[in-house]
Amino acid sequence: MTSRTPPVVLSIAGSDSGGGAGIQADLRTFAALCVFGTTAVTAVTAQNTTGVRRVDVLPPEAVTAQVMAVLDDLPVAAVKTGMLADAGTVDAVAGMAAAERLPNLVVDPVMVASSGAVLASDDVVAAYRRRLLHLATVVTPNVAEAAVLADVTGAAAADQTVLARILGERTGATVVVTGGHAGGPRCADVVWHAGEIQVLARPRLATGNTHGSGCTFAAAVTAGLATGAGVLEAVQAAGEFVHAALRSGSSWRLGAGPGPLDHFGWSRPEVGTGPAGTEA
Ligand SMILES: Nc1ncnc2c1ncn2[C@@H]1O[C@H](COP(=O)(O)OP(=O)(O)OP(=O)(O)O)[C@@H](O)[C@H]1O
Ligand SMILES: Cc1ncc(COP(=O)(O)O)c(N)n1
């Protein structure tokens, strides 16, 4: 009998007690895409779909210890960062990346939750700019995060192409400025890759259940890189995955606020064999 060992990925991110975003969304995405997820928790949030009630940040040494425990034992093929809640944590991650311990690094610079809660302070932004972004393979800010990182205001702050170009030229990383929060009938993710801009546009889905869409997108890019996809191929496939999970979760009801995505297609009637639940 032959056995198949899955690629291993590592998420360095915060815990969302409500299960929709952060480490929990990452692990669900990894499982759905058949890669083995490991974790280093940076912060514990008391959070649900309506908001963030409390954040307890772990010391950078605790984050480093978790990462090293994983790296010393498991063949990690790609790494994702999510919520890095203080500058010391960004520095610690950047140090490991500079030492070439974090292959295929995807940086999702989480700064504000979709509920509006601020998840990163000014010194974290400065640390991302100075220490981390140029060490990433892919950076996946939404429009607001990209404007903060690029330090632009006015019309440019809403222009995904301008933002992607600024960040791409400054960092050399592939930059995907995601467009979930922009208006219009199409939802465009703008990609800067090796000096070229590409626009990946899909129909905008009418769904309130978007909690964790950014985490899911970045985790799916990470899974793609771990399975050997090229950067643009991984970005394209991640866009398709998050679109399907958003579409599938558009009608289920989990929580009073923006609900999570349906990573496994559980809510689609044609899946048939999904877990028991209540009719929406
Ligand atoms: N209503 C929607 N319809 C189609 N695609 C969407 C929609 N909302 C988000 N997306 C897609 O989800 C992915 C994440 O984008 P988004 O800009 O929402 O990230 P984010 O703001 O970091 O996420 P979050 O809201 O979880 O913080 C992108 O690929 C984006 O195109
Ligand atoms: C621990 C943690 N990490 C990331 C997010 C961002 O995700 P979203 O904007 O979808 O809430 C979050 N809310 N919580």
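Just so you know, ligand 1 is whichever comes first in the structure, and atom 1 is the first atom listed for that ligand.
- Using a 4.0 angstrom heavy-atom cutoff, G214 does not count as in contact with ligand 2.
- Here D189 has side-chain heavy atoms under 4.0 Å from ligand 1, and that is the only part of it that gets that close.
- Those atoms of ligand 1 with a heavy atom of N142 less than 4.0 angstrom away are 17 (O), 20 (P), 21 (O), 22 (O).
- Residue T45 has no nitrogen or oxygen atom sitting less than 3.5 Å from a nitrogen or oxygen atom of ligand 2, judged on distance alone.
- When atom types are taken as modelled, the side chain of R28 and the backbone of G19 share a donor-acceptor pair closer than 3.5 angstrom.
- R204 contributes a side-chain N or O that, together with a main-chain N or O of G184, makes up a donor-acceptor pair within less than 3.5 Å.
- Residue R202 places every heavy atom at 4.0 Å or more from ligand 1.
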Before giving the answer on side-chain hydrogen bond (donor to acceptor under 3.5 Å, both in side chains), spell out for D108 and T140 the whole-Å C-alpha distance, their side-chain angles and the decisive distance to 0.1 Å. CA-CA 5 Å; D108 183 22; T140 63; 3.1 Å; yes
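- With G212, A21, G257 as candidates, the residue nearest to atom 10 (O) of ligand 2 on a non-hydrogen basis is G212.
- Residue contacts with ligand 1 do not include A21, since none of its heavy atoms lies under 4.0 Å from the ligand.
- Taking all heavy atoms of S213, C215, G82 into account, the minimum distance to atom 14 (C) of ligand 1 is reached by S213.
- Residue contacts with ligand 2: H211 is placed with a nitrogen or oxygen under 3.5 Å of a nitrogen or oxygen of the ligand (distance criterion only).
- The shortest heavy-atom distance from G82 to ligand 2 is not under 4.0 Å.
- In terms of modelled atom types and a separation under 3.5 Å, the side chain of E145 and the main chain of N142 share a donor-acceptor contact.
- Using a non-hydrogen distance threshold of 4.0 Å, P203 registers as a contact of ligand 1.
- At a heavy-atom distance under 4.0 Å, only side-chain atoms of C187, from C-beta outward, approach ligand 1.
- Counting the atoms of ligand 2 from 1 in the order shown, those under 4.0 Å from a heavy atom of S15 are 1 (C).
- Heavy-atom proximity to G14, at under 4.0 Å, picks out these atoms of ligand 2: 1 (C).
- Those atoms of ligand 1 with a heavy atom of G212 less than 4.0 angstrom away are 26 (O).
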